Amino acid sequence: MTADSDESRYRLLVEGITDYAIYMLDPQGMVSSWNPGAARFKGYAAAEILGQHFSRFYTEDDRARDLPGHAVRTAREEGRFEAQGWRVRKDGTRFWAHVVIDRIHDDAGALVGFAKITRDLTERKEAEEALRQTEQQFRLLVQGVTDYAIYMLDRRGHVVSWNAGAQRIKGYEPDEIIGEHFSRFYTEEDQATDLPDRALGIAAEEGRFEREGWRVRKDGSRFWAHVVIDAIRDEDGELIGFAKVTRDVTERMENQRALEEAREALFQSRKLEAIGQLTGGVAHDFNNLLMAILGSLELVQKRLPYDPKITPLIRNAVAGAERGALLTQRMLAFARKQELQLRSVDLGSLTRGLLDFLQRSIGPQVDIRLSFPHGLQPARTDPVQLETALLNLVVNARDAMPAGGLITISGALRTLHGQKADLAAGDYIRLRVEDNGSGMDADVLARATEPFFTTKGVGKGTGLGLSMVHGLAAQSGGALQIDSAPGAGTRIDIWLPVAAAHEEQHSARPAPASEEPDAGRLVVLAVDDDSLVLTNTVAMVEDLGHEALVASSGAEALSILHERFDVDLIIADEKMPGMTGSQLASKALDARPGLPIVLVSGYCELEPGSGSPGLHLPRLAKPFTQSQLAQAMSLEALKTPEG
């Protein structure tokens, strides 16, 4: 092959390249050859550029700095010049060029010029610039975030970047934490279980780890964190590190906890309200039944001569009905808070009278022992509420002794010569309920008297037992004290003030019937929607020597009142459908001002001022005896009501 054929082949090769500008410069930098690639992206035809200095491809700034001369000198001295920079097309537009200038010698070693190769890298340059700007924007974004800690970890868990949010949340400056292992953010408990490394292992295996837990700041304080760790891999799938995002959600957690506590308290409150409504309705109906039973038995006992085979049975039935009435009162005392009726109470007698009921309530596995000194002075409190309090305490003690045990109820006189906790100086009866059960830890003990706090789980217990006992003690002028420890049982002291000597002694049994007051023969309108109670009330009224009219509703009673102007007294049930006894009383007094009216209720007591505002009527609680009815009908009780 000849030299001419080689030269021809190389010329064809250069002329066929269009992606590169390949041309020759003479030693002075003048263009001496021009290929199609040069013509394509520089815009000059060969005739326009041959013999011209190659500096016209440079920007004005580069020419001012003599960058073309520097390139030629470097190629002449070092044999090669390579650089990237902006170049200018014929139409004045710029492109980013990669330039190589090689020195060319002849066979004798003399410089004959330079070979110049230029490639248009504008698209790559623009892509790199776009990527750079994107990375810069992302860096600014990450650094500008202050609500999240966003940082990178290497494959072993060492911190390699640190944003402003991480600095704010965790308290470390970048130079304090970069290079350190991220496990220092974890609690000692989590470090002991190797949670940091396990988290990285899960992220590496599954691509992501997400969890919430306690984390530790630089100052040692804790915060509740939501953590996400993502595995970062290169183009070949090799793990190069982890991206970690942490958010301080302590406030959200506390709000959630407060919301859950509020929901639980609301649930307990609604549960108690539902129990109260249910108990009230049951008590009303139950008292109606007891009313019919007690009243009928009382009249039968009064009309029959004494018979040793019959009379004791009647008395036993009366005692059972009275016990049922007492049980109803306890149910209502538990279901709703009532105004205390403070009286002088012999605690020993009250507790002994309640003992059988308490023992039946807690079962045979737990024994109850009483210890009251002879002649213990009476305390001033509400006896019915105190019975309920004792029942609550005994049941709580039973629950603390699932395998059985001993409950001791004792009383003692104590004198305080100075202020002690919530107690003023003075004489008190200390009523103590003590068990040998599991006891309470410090946290439970601190919250034991909080309303709705219970350790029995959702749906078990109202959490009101101890708070009701606490309220009873405080309203009585005393205090409640609890002493307990895990495994050491619980001792609860109810401090009650000593009753004054002149106060009437409380008796659990109703006063015996006395001779009924003589109110003269009256025309009595009895109103009740329960036919059993109505029949019983009419029988009692007629047995007292009065005339009885009957109505089964408020509307019927008003109709009778409109026709009978000789009605002297209305005895009306409070809870009737359509029109309550209070509403009937208001309408009746509008028609007949000053007409005596007695309201009857199956609840323990009616609220003061039942009916119209300013209306105060005598009240009678079911079940009532004939003696109590006669007392309510007495002239003294039937003074003209205010209205």
Side-chain angles (χ1 to χ4, degrees), residues 279 283 287 290 319 321-361 368 370-396 407 409-414 427-433 464-480 492-512 601 603-606 608 619-625 628:
T279 304
N287 277 333
L290 291 174
E322 289 174 347
R323 183 177 295 177
L326 190 60
L327 175 61
T328 305
Q329 291 174 358
R330 290 195 185 104
M331 290 170 60
L332 287 169
F334 174 80
R336 63 176 185 171
K337 187 176 180 181
Q338 294 178 322
E339 183 180 353
L340 294 183
Q341 302 295 325
L342 299 179
R343 302 176 186 176
S344 175
V345 180
D346 183 337
L347 298 184
S349 296
L350 180 142
T351 308
R352 283 188 290 271
L354 194 62
L355 181 59
D356 289 343
F357 177 76
L358 294 177
Q359 192 66 68
R360 288 195 304 272
S361 298
I368 301 177
L370 305 184
S371 177
F372 288 87
H374 179 70
L376 181 65
Q377 291 177 257
R380 187 171 188 268
T381 187
D382 184 315
V384 175
Q385 292 282 13
L386 183 60
E387 288 178 347
T388 303
L390 284 173
L391 176 61
N392 280 326
L393 295 180
V394 167
V395 170
N396 284 347
I407 300 173
I409 305 176
S410 62
L413 175 65
R414 292 289 183 265
D427 293 332
Y428 294 89
I429 303 299
R430 187 197 65 197
L431 179 62
R432 173 172 291 176
V433 179
L464 284 175
L466 283 177
S467 64
M468 291 174 67
V469 179
H470 179 270
L472 169 65
Q475 285 183 270
S476 299
L480 178 71
I492 298 179
D493 291 337
I494 305 175
W495 292 72
L496 299 170
V498 172
H502 65 274
E503 289 193 66
E504 180 184 356
Q505 185 77 27
H506 164 70
S507 173
R509 294 180 176 272
S601 174
Y603 294 93
C604 288
E605 64 175 354
L606 296 173
R619 294 169 292 182
L620 191 58
K622 296 177 184 177
F624 52 82
T625 65
Q628 292 169 329

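Remember, predicted model here, so these are calculated numbers, not experimental data.
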Are S476 and L342 close enough that some pair of their side-chain heavy atoms sits under 4.5 Å apart? yes

Side chain to side chain donor-acceptor pair (under 3.5 Å) partners of R432, counting only residues at least two apart: D493

To the nearest 0.5 angstrom, please state how far the CG atom of L347 sits from the CD atom of Q377. 11.0 Å

Do you know the tightest heavy-atom contact between G477 and Y428? O-CE2, 3.8 Å

From L390, T381, L355, residue fulfilling side-chain contact (heavy atoms from CB on, under 4.5 Å) relative to L350: L390

From L431 CG over to I492 CD1, what is the distance, rounded to the nearest 0.5 angstrom? 10.5 Å

Between the main-chain N or O of D356 and the side-chain N or O of Q359, is there a donor-acceptor pair closer than 3.5 Å? no

Determine whether L358 and I409 make a side-chain contact, defined as any pair of heavy atoms from C-beta on separated by less than 4.5 Å. yes

Quick one: are S361 and L391 in side-chain contact, heavy atoms under 4.5 Å? yes

Closest approach of D346 and P378, non-hydrogen atoms and distance? N-CB, 4.2 Å

Nearest 0.5 Å, what's the OG1-CG distance between T625 and L620? 8.5 Å

